[in-house]
Asks: 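Attaching a single structure in structure tokens format; questions to follow.
Predicted model only: the values in this text are computed from it and were never measured. All residue numbers refer to positions in the sequence shown, counting from 1.
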Amino acid sequence: MALAVFNLSVVQGRKFRELSNKNSIRLLLQPGARGKIFDRNGKVIADNYLTYDVLIMPQREAQLGQTLSNVARILDCDVGELRKKFKAGYLASFLPVRVANNIEVKKAIALEELKLNTPGIVVQPHPLRKYLYGSFASHVLGYINEIDHWRLSKLSDYGYKARDIVGFGGVEEKFDYFLREKEGALSVEVDHRGKFVRVLGFRPPVNGNNLQLTIDFKIQKITEEALSGRKGSVVILKPDTGEVIAMANSPDFNPAAFVNKSKSIGRLFTDPDAPLINRAISGLYPPGSVFKLVVASAALETKKINSSTSFYCPGSMMVGRRKFKCWDTHLQQDLLNAIAHSCDVFFYHSGLLLGSQSIHDYALKFGFDKPSSIDLPYEAGGLVPSPLWKRMSRFQTWYDGDTANFSIGQGDLMVTPLQVARMTAVFANNGMLINPYVVQNIENYNISSFHKKAQKMHLKSSTLNYVRQGMRKAVSDPKGTASVLADLPVAVAGKTGTVQVPRGQPHAWFCGYLPYKNPKYVICVFLENGGSGYAACVLTKQILFAMSQEGLI
């Protein structure tokens with residue numbers, strides 16, 4: 001027995017003393033603030049505001065009852081509810097229990113005064129995310145919420161843990177690692193009964209890094225206001241760099257709903273109009289006649305047609321045993337007029353001369369069928385069909401009728417509005433396929449050089465010039481499909497698209513760039529069931545006119 005006592009007290013005494021010391025130290029985490037988000041001109045669009053949580057230290061029952069009663073009086077709530085929260089949140093005798101959160105400043109000050117005569121009250125500041133302009137750029141920003149099981153399983157090795165607040169969608173998710181704060185901690189010593197003894201140290205929290213976006217607040221606001229009440233998307237970008245100046249989606253949502261735990265959250269997930277979907281990068285739609293720009297370029301590059309080639313349009317064309325209609329009777333059309341008037345018959349002929357494989361291959365060169373690598377999550381790649389794809393996926397044969405449909409952007413072809421904007425930029429920047437991005441700086445460090453560089457398309461200058469002339473004529477010619485844009489104070493070049501869909505009104509497209517001779521912006525407007533390309537042109541005109549009035553062009 002004596003030897004055993006000697007062994008425990010002397011030989012292993014140091015070991016047990018170290019264990020005792022370790023057990024007597026506790027860490028109380030201190031929250032930091034998430035990084036702010038700015039527009040391209042330094043305007044804050046996502047910030048934080050200081051709210052206050054109320055915590056109660058465990059104590060004797062008589063004292064606890066009096067403390068809860070006094071706190072309930074200040075918070076104007078039921079003391080019984082506070083007691084339930086205290087019991088539910090109790091973990092250990094040395095840990096304070098949160099009984100209220102997000103209280104206003106006046107009540108926090110009153111509780112601080114109450115602490116002088118009431119033991120055990122802790123008023124803890126707690127930064128919360130604040131989206132300053134409601135639903136503004138909601139799909140670019142995203143929102144924050146408590147981490148889910150799927151994200152936790154992916155991110156636990158990077159320091160994420162259960163109940164962390166993380167980004168969902170937009171830059172809040174894509175750049176969460178940079179935006180997230182680093183918690184501080186208060187180190188305290190407790191005795192063997194878990195009672196507080198003294199403060200040992202304090203490590204202050206570190207706020208997250210700030211982000212500066214490429215988005216222009218004024219242009220984004222103009223775009224969102226014009227799109228409001230419709231279903232669709234508008235993308236405006238710089239054709240030389242790929243900077244996204246505006247990315248508007250409708251319907252949208254207010255990210256603050258997730259911060260405030262609003263009851264409307266459930267409706268956001270069940271709404272059939274899908275307000276949480278970023279249609280600009282995740283919505284897949286047939287492009288219709290805006291795809292004719294790809295077919296025109298391919299036909300010129302492969303010399304299947306030239307500037308003198310023309311076809312007669314009687315309003316329809318037989319392909320095999322099926323009649324393929326044009327939306328109008330255009331009579332004799334060359335390529336310049338076919339782009340301006342969006343003549344389907346001309347492009348049926350051109351597409352059949354090209355063949356489906358050539359159309360497929362040039363569509364890939366223009367960036368379709370794969371994500372653009374924009375720095376936002378959940379970008380869709382789309383689909384560019386081919387005879388092999390139809391054979392492998394549908395077990396069906398590809399016919400000339402499929403090629404005719406393909407030539408005017410119908411059939412199985414699926415694209416995103418961002419991909420269409422990216423395609424349009426090729427004609428504005430002399431043949432470069434850009435890589436769009438929305439984040440320019442992280443904590444004042446410019447990261448634009450890290451984005452993928454534009455790739456040269458190796459299109460002949462004559463091809464680019466001829467297609468550009470056709471796009472300009474679509475606006476300047478009184479019979480052009482985009483002639484409604486002719487009286488704008490800036491010269492615009494573009495292409496319309498009207499897509500027949502199985503149910504509802506046709507989808508409406510417009511893509512173009514401006515000014516014509518020295519392009520500064522590319523714009524793509526898509527209206528889901530919008531009726532016709534004319535409707536997309538009218539919306540484009542509204543946006544560009546407002547930008548002109550504000551001196552933004």
Asks: Please check: side-chain N/O of Trp509 versus main-chain N/O of Pro286, any donor-acceptor pairing under 3.5 Å?
Replies: yes
Asks: So, the side chain of Glu224 versus the backbone of Ala137: is there a donor-acceptor pair under 3.5 Å, distance only?
Replies: yes
Asks: As a quick check of understanding, evaluate side-chain contact (heavy atoms from CB on, under 4.5 Å) for Ile245 and Thr223, giving each step before the final call.
Replies: CA-CA 10 Å; Ile245 302 301; Thr223 305; over 6 Å; no
Asks: Quick one, Ile56 with Ile121, criterion side-chain contact (heavy atoms from CB on, under 4.5 Å). Give me CA distance, side-chain angles, the key distance, then yes/no.
Replies: CA-CA 5 Å; Ile56 303 295; Ile121 299 175; 4.2 Å; yes
Asks: Rounded to the nearest 0.5 Å, how far apart are NZ of Lys221 and CD1 of Ile215?
Replies: 15.5 Å
Asks: Kindly say whether Ile277 contributes a backbone atom to a donor-acceptor pair with the side chain of His139 at under 3.5 angstrom?
Replies: yes
Asks: Asn278 and Met247: which non-hydrogen atoms are nearest, and at how many Å?
Replies: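 Closest approach of Asn278 to Met247: ND2-SD, 3.6 Å.
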Asks: Return all side-chain donor-acceptor pairs below 3.5 angstrom for residues 43-51, not counting sequence neighbours, or 'none' if the list is empty.
Replies:
from, atom 1, to, atom 2, distance (Å)
Lys43, NZ, Tyr133, OH, 3.4
Asn48, ND2, Arg34, O, 2.6

Asks: Parallel, tilted or perpendicular, judged at 30° and 60°: which one describes the rings of Tyr143 and Phe168?
Replies: parallel
Asks: Rounded to the nearest 0.5 Å, what separates atom NZ in Lys107 from atom CG in Asp76?
Replies: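 Between atom NZ of Lys107 and atom CG of Asp76 there are 6.0 Å.
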Asks: Determine, stepwise, if the pair Phe510 / Val492 fulfils side-chain contact (heavy atoms from CB on, under 4.5 Å).
Replies: CA-CA 12 Å; Phe510 174 81; Val492 180; 4.2 Å; yes
Asks: Tell me which pairs pass salt bridge (Lys or Arg N to Asp or Glu O under 4.0 Å) where either residue lies in residues 252-268, with sequence neighbours left out.
Replies: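 Passing the test, one end in residues 252-268: no pairs.
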Asks: Does the side chain of Leu527 come within less than 4.5 Å of His507's, by heavy atoms?
Replies: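 No - every pair of side-chain heavy atoms lies 4.5 Å or more apart.
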Asks: Is there a donor-acceptor contact under 3.5 Å from the side chain of His451 to the main chain of Val439?
Replies: yes
Asks: Between the side chain of Asp273 and the main-chain N/O of Pro275, is any donor-acceptor distance below 3.5 Å?
Replies: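 Flag not set: sc Asp273 to bb Pro275 has no pair under 3.5 Å.
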Asks: Would you say Glu181's side chain and Gly208's backbone share a donor-acceptor pair under 3.5 angstrom?
Replies: no
Asks: Go through the side-chain N and O atoms of Tyr160 and Asp176 and say whether any donor and acceptor fall under 3.5 Å apart.
Replies: yes
Asks: Are the side chains of Pro436 and Leu418 in touch, meaning some heavy atoms are under 4.5 Å apart?
Replies: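 Yes - at least one pair of side-chain heavy atoms lies under 4.5 Å apart.
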Asks: What is the minimum heavy-atom distance between Ala425 and Ile434, and which atoms define it?
Replies: CB-CD1, 3.7 Å
Asks: Do Asn529 side-chain atoms and Gln505 backbone N/O form a donor-acceptor pair below 3.5 Å?
Replies: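 Side chain of Asn529 to backbone of Gln505, a donor-acceptor pair under 3.5 Å: yes, one is there.
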Asks: Given Asn209 and Phe175, is the side-chain contact (heavy atoms from CB on, under 4.5 Å) satisfied, shown in steps?
Replies: CA-CA 10 Å; Asn209 294 298; Phe175 292 85; over 6 Å; no
Asks: Quickly, which of Val99, Val97, Ile74 forms a side chain to side chain contact (heavy atoms under 4.5 Å, CB included) with Val54? Name it, please.
Replies: Val99
Asks: Taking all heavy atoms of Arg279 and all of Pro251, pick out the closest pair and write down the distance.
Replies: NH1-CD, 3.7 Å
Asks: Heavy-atom distance under 4.5 Å between the side chains of Met547 and Ile236, does that happen here?
Replies: yes
Asks: How long is the span from the CD atom in Gln220 to the OG1 atom in Thr214, to the nearest 0.5 Å?
Replies: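 If we round to the nearest 0.5 Å, Gln220:CD and Thr214:OG1 are 9.5 Å apart.
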Asks: Taking the side chain as everything from C-beta on, heavy atoms only, tell me whether Leu211 gets closer than 4.5 Å to Asn441.
Replies: no
Asks: For Phe526 and Tyr285: C-alpha separation, side-chain torsions, deciding distance, then whether ring pair (Phe, Tyr, Trp, His ring centres under 6.0 Å) applies.
Replies: CA-CA 9 Å; Phe526 170 75; Tyr285 312 94; 4.1 Å; yes
Asks: Do the side chains of Lys238 and Glu243 get close enough for a salt bridge, i.e. N-O under 4.0 angstrom?
Replies: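 The answer is no: the pair does not qualify as a salt bridge.
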Asks: Can you check whether Ile144 reaches Tyr131 side chain to side chain, under 4.5 Å on heavy atoms?
Replies: yes
Asks: Restricting to side chain to side chain contact (heavy atoms under 4.5 Å, CB included), what partner residues turn up for Ala226, sequence neighbours left out?
Replies: Leu539, Gln542, Ile543
Asks: What's the shortest heavy-atom distance between Pro506 and Val501, and which atoms?
Replies: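 Where Pro506 meets Val501 most closely, the heavy atoms are CA-CG2, 4.3 Å.
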Asks: Under 4.0 Å between a Lys/Arg side-chain N and an Asp/Glu carboxylate O for Asp375 and Lys174?
Replies: no
Asks: Check whether any side-chain heavy atom of Leu82 lies under 4.5 Å from a side-chain heavy atom of Cys77, and answer yes or no.
Replies: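 Side chain of Leu82 against side chain of Cys77, heavy atoms only: contact under 4.5 Å found.
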Asks: How about Asn429 and Asp240: does a side-chain donor come under 3.5 Å of a side-chain acceptor?
Replies: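 Absent: no donor and acceptor within the cut-off.
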Asks: Step through the shown structure and confirm whether more than 12 heavy atoms of other residues, nucleotides or ligands are within 6.0 Å of OH on Tyr158.
Replies: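 No, the 6.0 Å shell around OH holds no more than 12 heavy atoms from other groups.
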Asks: Go through the steps to decide whether Glu379 and Thr416 satisfy the test side-chain hydrogen bond (donor to acceptor under 3.5 Å, both in side chains), and finish with yes or no.
Replies: CA-CA 9 Å; Glu379 183 184 11; Thr416 68; 5.2 Å; no
Asks: Please round to the nearest 0.5 Å and tell me the distance separating atom CG of Leu485 and atom OG1 of Thr540.
Replies: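 Leu485 CG to Thr540 OG1: 6.0 Å, rounded to 0.5 Å.
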Asks: Determine the interplanar angle of the Phe258 and Phe253 rings, folded into 0 to 90°, and report it as parallel if under 30°, tilted if 30 to 60°, perpendicular if over 60°.
Replies: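 It falls in the perpendicular class, over 60°.
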Asks: Might you confirm whether atom NZ of Lys541 has over 12 heavy atoms from other residues, nucleotides or ligands at distances under 6.0 Å?
Replies: yes
Asks: Could you give the distance from NZ (Lys452) to CG (Leu433), rounded to the nearest 0.5 Å?
Replies: 9.0 Å
Asks: Please check if the side chain of Ser282 supplies one atom and the backbone of Tyr378 the other of a donor-acceptor pair under 3.5 Å.
Replies: yes
Asks: Check for a donor-acceptor pair, side chain of Asp39 on one end and backbone N or O of Asp216 on the other, with a separation under 3.5 Å.
Replies: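 Not a single qualifying donor-acceptor pair exists.
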Asks: Do any N or O atoms from the side chain of Gln212 and from the backbone of Arg40 form a donor-acceptor pair under 3.5 angstrom?
Replies: yes
Asks: Salt-bridged, Lys85 to Glu81, with N to O below 4.0 Å?
Replies: no
Asks: At their closest point, which heavy atom of Ala257 faces which heavy atom of Ser264, and how far apart are they?
Replies: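 That would be CB-OG, 3.9 Å.
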Asks: Can you measure from CZ (Arg151) to CG (Asp164) and round to the nearest 0.5 angstrom?
Replies: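 The CZ atom of Arg151 sits 13.0 Å away from the CG atom of Asp164.
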Asks: Quick one: closest heavy-atom pair of Cys524 and Pro417, and the distance?
Replies: SG-O, 3.5 Å
